[in-house]
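Every chain is numbered from 1, with letters handed out A, B, ... down the list of sequences. Keep in mind that the numbers below use all heavy atoms, side chains included, and drop hydrogens, waters and symmetry copies.
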Number of protein chains: 2
Amino acid sequence: MPSKMTGNTRIAPSKNLADILISRIREQIFDGELQLGDQLPTEQEMAEAFGVSRTVVREAIAALRSDGLVRTRQGRGVFVASNLDNRPFKIDTEMMNSAEDVMLIMELRMTIELEAAAVAAERRTKQDIAVIAEALEAVQKSIDIGEEGIEADFEFHCAIAAATKNPYFVDFLKYLGRIVIPPRYLNSAVLDADAMHDYLTRVQTEHRDIEAAIINGDSESARQATRLHLANGRERFRQQMKEKTGD
Amino acid sequence: MPSKMTGNTRIAPSKNLADILISRIREQIFDGELQLGDQLPTEQEMAEAFGVSRTVVREAIAALRSDGLVRTRQGRGVFVASNLDNRPFKIDTEMMNSAEDVMLIMELRMTIELEAAAVAAERRTKQDIAVIAEALEAVQKSIDIGEEGIEADFEFHCAIAAATKNPYFVDFLKYLGRIVIPPRYLNSAVLDADAMHDYLTRVQTEHRDIEAAIINGDSESARQATRLHLANGRERFRQQMKEKTGD
DNA sequence: GAAGTCAGGTTATCCTACAACTGGCCAAGT
DNA sequence: ACTTGGCCAGTTGTAGGATAACCTGACTTC
């Protein structure tokens, strides 16, 4: 055990028995071993089959039920759900190993941001416009104090999504935003403070173009401005990745 | 009890204690009562506070842990996760009460289909083109035997999403497809068989325009053709809803 | 200061017992 | 013949006791 081990690098605890069982049963459902509507073995049978106590089985079943994968009928048994409509959409962040994956998720996120800007241009209220303006000021403040404004930038895009009046746009964008924050900056170790500030000011100009199109209620301009902004950001990211792999 | 009562209207069982507790704790996390990284009361304390056995608490915690909302540390306690990246995106289908909600989810789905067509035009392989063609044939077959081709139509859009080479497009479209199938047809009780066939043939023409743009590798045409197709479908749906509320 | 030990707190697992529910079956009543 | 009510077996739901396992912090020893 290295003496430099700090509390933050504590080895993650291995999964407990209930977690292992959840994964096992989940696999059986997705691999087709268990079909929609099929009855699972009784709790007692599963306990014996997996060599665990019934408590562990019940914990696993509770999790699967909460996930919408199984239904339980007291006195009858446990059944695979008759449809998996209740299964949530989930990006497994542990499987995101590569920059390629990050790019693909960013692409999905950009798709949402793009159309959100267009719809926002159609539906925005005066209040929405005020919120978007505030978000832009927050970005500017962040830049002015020497930060990169990443969080404020995201709030700007969320404000646009809110102006669509479609909560599903907002929720999904927020979900994706938790998973990938597109770096709209070059590697900060490369640029000095002045160059970074110039660069971020250019990004902010792109933001203001989007804002203007939304204020004008011009969907097509909003779409174009957002597409340009996102394309620029993606190109920056791509170059950064190229430089990284060039190490 | 009406004699026309069928088995499909069986009353759903109420939630058990573990399910109720899962919802309670989930609310406390999302309402901000519990912050990221906060420690929850001990299992025993929660059991006393909620008036249930420790078994029920453990089942609830197992579900929340599987959902990524909490971490458990044996000997230390249960903690709200330090980030909620693992929380899946979920549309609560039980809350979808209105046609308005359906329209909003359709809008999100259309956003994906739209951009998928454009990206597919850039990235499609010969194999992708063959799969898309097959999907179109399947739609045609369905129409020819007097059906509306709803499932085949969805497979067509999934084939396009697959051609993006972005699995996240595919997965998300499939997720949304499970929740809403946009009716691209008028009320079948209104149209006779000939008018329906004519109508679906027109829809199929829109499909072929999309296919052609993808084959030609023309993103912008793919986008336009898909936008037209989706706009037409949405207008049909809107009119159907209007007629329905006119009853 | 570093290493080792121990106590206390808490989760993890197992077990027993009983309650509650469900569907099938059978008998009684109309 | 059909309906209703009761009983029974099978299975999930809940409670609670007991012990193992883990983890951290405090204390002691070198």
Side-chain angles (χ1 to χ4, degrees), chain A residues 1-25 37-67 69-82, chain B residues 1-25 37-67 69-82:
Chain A
M1 196 58 109
S3 63
K4 294 288 168 94
M5 173 74 71
T6 71
N8 285 338
T9 57
R10 177 169 52 215
I11 293 170
S14 62
K15 293 195 174 193
N16 63 26
L17 292 179
D19 291 335
I20 292 168
L21 197 51
I22 293 166
S23 299
R24 289 276 181 81
I25 296 172
D38 275 3
Q39 178 164 13
L40 274 68
T42 66
E43 292 176 356
Q44 190 57 46
E45 285 166 354
M46 284 191 269
E48 284 160 15
F50 290 108
V52 296
S53 75
R54 194 177 146 224
T55 305
V56 171
V57 172
R58 287 194 55 79
E59 291 179 13
I61 295 297
L64 293 167
R65 183 178 62 234
S66 176
D67 239 13
L69 290 195
V70 303
R71 293 174 303 123
T72 55
R73 290 292 175 271
Q74 185 172 341
R76 296 317 297 161
V78 183
F79 302 82
V80 180
S82 50
Chain B
M1 191 61 107
S3 63
K4 295 287 168 102
M5 172 75 69
T6 70
N8 285 337
T9 57
R10 176 168 54 212
I11 294 172
S14 61
K15 293 193 172 191
N16 65 24
L17 292 179
D19 292 334
I20 293 168
L21 195 54
I22 291 167
S23 299
R24 288 276 181 81
I25 296 173
D38 276 2
Q39 178 165 13
L40 273 68
T42 64
E43 292 176 352
Q44 191 55 48
E45 285 167 354
M46 283 192 268
E48 284 160 15
F50 290 108
V52 297
S53 77
R54 198 177 141 228
T55 305
V56 171
V57 172
R58 288 195 56 77
E59 288 180 14
I61 295 297
L64 292 166
R65 183 178 64 234
S66 176
D67 240 12
L69 291 195
V70 302
R71 293 173 304 122
T72 55
R73 290 293 174 272
Q74 186 170 340
R76 295 315 297 161
V78 182
F79 301 82
V80 180
S82 52

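Look at CZ on B:Arg76: it is 16 Å from C1' on C:dA12, rounded to the nearest Å. The interatomic distance linking A:Ile20 (CD1) with C:dT13 (C1') rounds to 13 Å, in whole Å. Atom pair B:Gln44:CD and C:dT13:C1' shows a separation of 16 Å (rounding to whole Å applied). In this structure, the CZ atom of B:Arg73 is 11 Å from the C1' atom of C:dT11, given to the nearest Å. Regarding B:Lys15, its NZ atom lies at a distance of 14 Å from the P atom of D:dG13, rounded to whole Å. Counting to the nearest Å, the C1' atom of C:dT13 and the CG atom of A:Asp19 are 14 Å from each other. Residue A:Leu64 contributes atom CG, which lies 15 Å from atom C1' of D:dT12 at whole-angstrom precision. In this structure, B:Leu17 places its CG atom 12 Å from C1' of C:dA20, rounding to the nearest Å.
Panel note: side chain A:Glu59, backbone A:Leu17; no donor-acceptor pair is recorded below 3.5 Å. The backbone N or O of A:Leu69 sits nowhere less than 3.5 Å from a side-chain atom of A:Asp67 that would complete a donor-acceptor pair.
Comparing A:Gln74 and A:Glu59 against DNA chain C, the residue whose closest nucleotide sits nearer the 5' end is A:Glu59.
Of the residues in residues 45-57 of chain B, those with a non-hydrogen atom less than 4.0 angstrom from any atom of DNA chain C are B:Arg54.
Close to D:dG13, at under 4.0 Å from its OP1 or OP2, lies a side-chain N or O of A:Arg58.
If you check every strand for non-hydrogen atoms under 4.0 Å, B:Ile61 touches nothing.
Under the rule for a side chain to side chain donor-acceptor pair (under 3.5 Å), the partners of A:Glu48 that lie at least two apart in sequence or sit in another chain are A:Gln44. For B:Arg54, the side chain to side chain donor-acceptor pair (under 3.5 Å) partners two or more places apart in sequence, or in a different chain, are B:Glu43.
Minimum heavy-atom separation, B:Ala62 to A:Ala63: O-CB, 4.1 Å.
Between the CD atom of B:Gln39 and the CZ atom of B:Arg76 there is a distance of 7.0 Å, given to the nearest 0.5 Å.
Put simply, the side chain of B:Lys15 does not reach to within 4.5 Å of the side chain of B:Ile22, judged on heavy atoms.
Among the nucleotides D:dT14, C:dT11, C:dG23, the one closest to any side-chain atom of B:Thr72 is C:dT11.
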